[in-house]
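Notes to accompany the following structure.
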Amino acid sequence: MRNAEKIEKKWQKVWDKSGIYKTKDRVKNKDNFYHLVMFPYPSGNLHMGHWYNYAPADVYARFKRMKGFNVLSPIGFDAFGLPAENAAIKNKIHPRDWTYKNISAMRKQLKSMGNIYDWSREVVSADPNYYKWTQWMFLKLYEAGLAYKKKTLANWCPKDQAVLANEQVIDGRCWRHPDTLVIQKEIDQWMLKITDYADELLADLDKLNWPERTKIMQKNWIGKSEGAKVKFLISNFQFLNKSQLPKSQNYIEVFTTRPDTLFGATYLVIAPEHPLVESLATKEQKEDIRHYVANAHLKTELERTSLEREKTGVFTGAYAVNPANEEKIPIWISDYVLMNYGTGAIMAVPAHDERDFEFAKKFNLPIVKVIDPGREWPENKPYVEGGLIVNSGEFTGVNSAEGRKKITEWLKEKNLGDFSTQYKMRDWIVSRQRYWGAPIPIVFCKHCADKIRNGKSNAGNNEFSKGEFENPGWIAAPEKNLPVRLPPLKNFKPVAGGKSPLARAKNFVNAKCPKCGKKATRETDTMDTFVDSSWYFLRYADPKNKKRFADKKKLNAWLPVNMYIGGAEHAVMHLLYSRFFVKALKNSGYLEFGEPFEALRHQGIILGTDGQKMSKSRGNIVDPDDLVEKYGADTARMYLCFMGEYSQGGPWSSTGILGIKRFLDRIYAKFSIFNSQFSNAENQELQRLLHQTIKKVGEDIENFRFNTAVSALMILFNKMEKENLSKEEARTFLKLIAPFAPHLAEEFWRNLGNKKSIHLESWPKYDPKFIKEGDYDLLIQIGGKLRDKVRVSKRLDRVEIENLVLSRDAIKKHIAGGEIKKIIFVPGRLINIVL
RNA sequence: GGACGAGUGGCGGAAUCGGUAUACGCGCAGCACUUAAAAUGCUGUGGAUUAACAUCCUUGAGGGUUCGAGUCCCUCCUCGUCCACCA
């Protein structure tokens, strides 16, 4: 079918011209359906993964449209990002030119798929009309006190003098300099307080129609732990360097999820970055500690988190008092305790925690058992589960769960502790020391900084926003100055000292403070591209709006997204950030809904024919452009649907796609000849199959079972092919196949004399009488084994069936000699005689 | 190490609430068409025993629940994905 391409081109042009896929904003229509696929990064080529995401998704969108919904199915480009900058450095082409060249190539490829996209709503995140609103969003978060600047540890390449993204760190080394170890360096970065929303992000997961796995991944990422904070008084306080201790800070606070094991805490451990490290060091230990802490900083991320690594640590010389039993216990420093979780300090209970156990063994620290497992103690291992509390004074005999509560309450009474909840999730670093991103629209003004620091402006007087007040000197650009445009630049290499290439643009950096008019310097960091993609789904509702990121009415008409389809690799970051954005914007009064994506589905991964991930080095890449040229888009679309479970993916088969090609060729052949020869007679058997298929295909698409939907269409056509069809039967079949093979369906639909597109038709309705009535094969089992079957009407009742079955010779033969104990009858399916 | 998911013909994969295991497609074999091949069409295609009718076996391994288990429960093996010193 070499003319598949011709037919496809022809109809794509007609659809484009007649604008049948332009979506009207029906502000009050309840039948609006917002169907969204994750917008692609314009890398230059549409690959199989894109097709697998977009083609079956389009089947779903087309189906929804035929079911009567006003479907919005937009597309755009996630156009900022590192690859453009790397291409710029390598090929001496401006990132903008590289990006837009790729976009126009990919737009063409996307159009060859024959999707339902409304191109008039296309959004490109690198466009100033778009990133103006990305900047605006950032400022709204800043205003609300959800953005702040803070020193954080980042991957640092000493050779490049530059910050590296996690994916640029390979085996603990810089990707450009494999001989250079990456270290952790403190860098001033803009952060978003996603942790403020931890509880809400966790709780609202229950409301979402998302894959369970994805919800679990988000849950684990948020990582809520309930436990207690406990204060341990420092015992040899008088010997320590008190001048460096904060006032009244004569204790170390730890977080534990196991307060029930408090009596078994035989030492404390603080992180090397803990603020009390200096103060706790006794004279004798000072040198060792300095050495250890310096070393910990030099360690690569890889080394510090490697599991195989033996525990290391150093004694501070200081002691603390276990509040439970007044025992004096040593305070240690070790990098197995993380500064950015909990309080940066732990109470170590080696008898009941694996890490503490390992540490205690290595440094010969005491191990005290306070939980009775109620069975044999594991050999040379800690016992980490719950049990009966022992050796614990008044709490002896209480079980773990109860003990946690009781001991915490007891601590609370003595003012030595309280219940506490901790999260693994950290705030989101959105600063990037890079060129090709949306500039962070903020300036630093020393004058304003002094004013705030000297208390000359108060929090309540409206002169400064909450964010500005909390980050003295960092003044937001006024809305009317947005977008803060990327300056033209020729050199895109990072600036030494870890600054963005933007620092080279003097005209850009030098600015006037919008508050006081004095000299100020502009922030040169750009935003993480995840910021761009955290709100793009809002823009599609009203992509050309100049006054607002989107009109309120239009937002309410379309959002939240009714069905979102894309890769599982975004299960945490993109999907979590988007949820955070929507919640924060809702809180500030800009949105009226609290979740961006009501329903979510993931496509699987298409592997090469060898079952391996497709990659250039393996040479197993299948190029969708070749498929379109060789077989046509309809065949490619349908094969992707047919391959297997949508969420599973699987290996590509170059012979498998031939099956679909043959199938479509047969349809082509059948429909090409019978224009003039319709049957008038109704074929009951065909009618029954046709109606069952309408039901089956509809339900399958609704449940993302595209593979079985295609199989049902094949079964139907295998029968139709041999029959003389009526015109109505032909029409119905074309409608059923229209979402899968939109071009082919359109071609023959018009050949049947229809003036309007098949894609404006509605999904056929099935007649329930064809489902309920008729005959079926009743299975006859004896003792659960299939022995016979008989074709019976669905109208027969149990007694009639039993009589019929028991009178059959084959059954009599099997029953002979036995006694019937029980007869199980499953209507519409089987009868089982138990002897 | 942890969390989650999956193991079904030669291959991709079907199988509703526990109710015909192997739908649909690929591949393979035979036949037809053809000088021939390709394409296309028709027929067959899990295994064992049998001339045949039939009978038995079979969903990673082993056990259990049930009239009946690919599906539910327990133990184990293998693979995949994500997370990873989070106290």
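Bear in mind the structure is a predicted one, so any value in this text is a computation, not a measurement.
- The aromatic ring centroids of A:Phe770 and A:Tyr766 lie 6.0 Å or more from each other.
- Distances were taken from every side-chain heavy atom of A:Val337 (C-beta onward) to each of B:C83, B:A14, B:A87; the shortest belongs to B:A87.
- The base-pairing partner of B:A61, taking Watson-Crick or G-U wobble contacts with both distances under 3.5 Å, is B:U75.
- Listed candidates were B:G13, B:U20, B:G19. Nearest to the side chain of A:Ile824 is B:G19.
- Candidate nucleotides B:C42, B:G13, B:A87 were compared by shortest atom distance to the side chain of A:Lys722, and B:C42 ranks first.
- Taking the syn range as angles within 90° of 0, the glycosidic angle of B:G64 is outside it, so the base is anti.
- When every heavy atom of A:Ala271 is checked against every heavy atom of A:Val337, the shortest pair comes out as CB-O, 3.3 Å.
- Taking atom CZ on A:Arg787 and atom C1' on B:G19, their separation rounds to 16 Å, with Å as the unit.
- A:Leu830 comes within 4.0 angstrom of a base, heavy atoms only.
- Side-chain proximity of A:Met217 to B:C24, B:C82, B:G12: nearest is B:C82.
- B:U49 and B:A54 make up a base pair, with Watson-Crick or G-U wobble contacts both under 3.5 Å.
- A side-chain contact (heavy atoms from CB on, under 4.5 Å) with A:Lys229 is found for exactly one of A:Thr343, A:Asp418, A:Val254, namely A:Thr343.
- Pair assignment for B:A69: none, as no Watson-Crick or G-U wobble contacts are both less than 3.5 Å.
- Using P as the reference atom, B:U40 and B:C53 are 33 Å apart when rounded to the nearest Å.
- Across all strands shown, B:G18 forms no Watson-Crick or G-U wobble pair with both key distances under 3.5 Å.
- Contact annotation: A:Tyr336 does not reach the phosphate of B:A87 (side-chain N/O to OP1 or OP2, under 4.0 Å).
- Of the candidates B:A14, B:A87, B:C4, the closest approach to any side-chain atom of A:Arg213 belongs to B:C4.
- The pairing partner recorded for B:U81 is B:A3, the criterion being a Watson-Crick or G-U wobble arrangement whose two distances lie under 3.5 angstrom.
- Spacing between B:U59 and B:G13 at atom C1', rounded to whole Å, works out to 13 Å.
- Summarising the geometry, the separation between CD1 on A:Ile605 and C1' on B:U81 is reported as 8 Å, rounded to the nearest angstrom.
- B:C17 has its base syn relative to the sugar, with a glycosidic angle deviating from 0 by at most 90°.
- We find that NE2 of A:His602 is positioned 12 Å from C1' of B:U81, with the value rounded to whole Å.
- For A:Tyr341, the side-chain atoms get nearest to B:A87 when compared with the rest of B:G27, B:G13, B:A87.
- Nucleotides B:G41 and B:U34 are separated by 13 Å at their C1' atoms, to the nearest Å.
- Separating the CZ atom of A:Arg666 from the C1' atom of B:G25 is a distance of 11 Å, rounded to the nearest angstrom.
- Contact check, A:Arg829 against B:U16: no side-chain N or O comes under 4.0 Å of OP1 or OP2.
- At a threshold of 4.0 angstrom between heavy atoms, the contacts of A:Arg426 include nucleobase atoms, whether or not backbone atoms are also involved.
- Relative orientation of the A:Phe530 and A:His570 rings is perpendicular, given thresholds of 30° and 60° on the angle between their planes.
- Counting any heavy atom pair closer than 4.0 Å across all strands shown, A:Asn718 reaches sugar-phosphate atoms only and no base atom.
- Distances shown here put every side-chain N or O of A:Arg662 at or beyond 4.0 Å from the OP1 or OP2 atom of B:C24.
- For the pair A:Met573 CE and B:C82 P, the computed distance is 12 Å after rounding to whole Å.
- Side-chain nitrogen and oxygen atoms of A:Arg258 include none within less than 4.0 Å of the OP1 or OP2 phosphate oxygen of B:A87.
- Look at B:C24: its Watson-Crick or wobble partner, with both distances under 3.5 angstrom, is B:G12.
- Summarising the geometry, the separation between NZ on A:Lys719 and P on B:A23 is reported as 19 Å, rounded to the nearest angstrom.
- The same atom, P, is picked in B:U45 and in B:C17; the two are 30 Å apart, to the nearest Å.
- When ring centroids are compared, A:Phe357 and A:Phe359 stay outside the 6.0 Å threshold.
- Residue contacts shown for A:Gln648 are absent, as no nucleic acid heavy atom lies under 4.0 Å away.
- A:Lys224 forms no cation-pi arrangement with A:Tyr423, by the criterion of a distance under 6.0 Å to the ring centre and an angle within 45° of the ring axis.
- Comparing A:Val572 and A:Thr655 by the nucleotide of RNA chain B whose heavy atom lies nearest to each, the residue mapping closer to the 5' end is A:Thr655.
- Nearest to the side-chain atoms of A:Lys311 among the listed nucleotides B:C85, B:A14, B:A87 stands B:C85.
- In this structure, A:Gly611 reaches neither bases nor backbone, as no heavy-atom distance under 4.0 Å exists between it and the strands shown.
- When heavy atoms are screened at a 4.0 angstrom cut-off, A:Asn340 is found touching no nucleic acid atom at all.
- Between A:Phe232 and A:Tyr251, a ring centre-to-centre spacing not shorter than 6.0 Å is recorded.
- One P atom belongs to B:C24, the other to B:C33, and the distance between them is 28 Å to the nearest Å.
- The interatomic distance linking A:Phe663 (CZ) with B:G41 (P) rounds to 13 Å, in whole Å.
- Nucleotides B:C73 and B:G18 have their C1' atoms positioned 13 Å apart, rounded to a whole Å.
- Where A:Tyr423 and A:Gln781 meet RNA chain B, the nucleotide closest to each residue was compared, and A:Gln781 sits on the side nearer the 5' end.
- Listed nucleotides B:A87, B:U20, B:G13 differ in distance to A:Ile346; the shortest reach to its side chain belongs to B:A87.
- Within 4.0 Å of A:Ile216, counting heavy atoms only, lie sugar-phosphate atoms of the nucleic acid but no base atom.
- The side chain of A:Lys822 approaches B:C67 more closely than any other nucleotide in the set B:A23, B:A87, B:C67.
- Judged by atom type and distance alone, A:Lys821 does not reach the base of B:C67 through any side-chain donor-acceptor pair under 3.5 Å.
- If you measure from atom CD1 of A:Ile371 to atom C1' of B:A87, you get 15 Å, rounded to the nearest angstrom.
- Under the Watson-Crick and G-U wobble criteria, each requiring two contacts below 3.5 Å, nucleotide B:U40 is paired to B:A32.
- B:C11 and B:G27 are spaced 7 Å apart, taking the C1' atom of each and rounding to whole Å.
- Heavy-atom minimum distance, A:Met614 versus A:Leu607: CE-O, 3.6 Å.
- Minimum atom distance to the side chain of A:Asn832 is reached by B:G19, of the listed B:A87, B:G19, B:C24.
- In this structure, A:Phe733 has its ring center under 6.0 Å from that of A:Phe717.
- Close placement of the A:Tyr639 and A:Trp652 rings is indicated, their centers lying within 6.0 Å of each other.
- Using atom P as the reference point in both B:A87 and B:G19, the two lie 42 Å apart (nearest Å).
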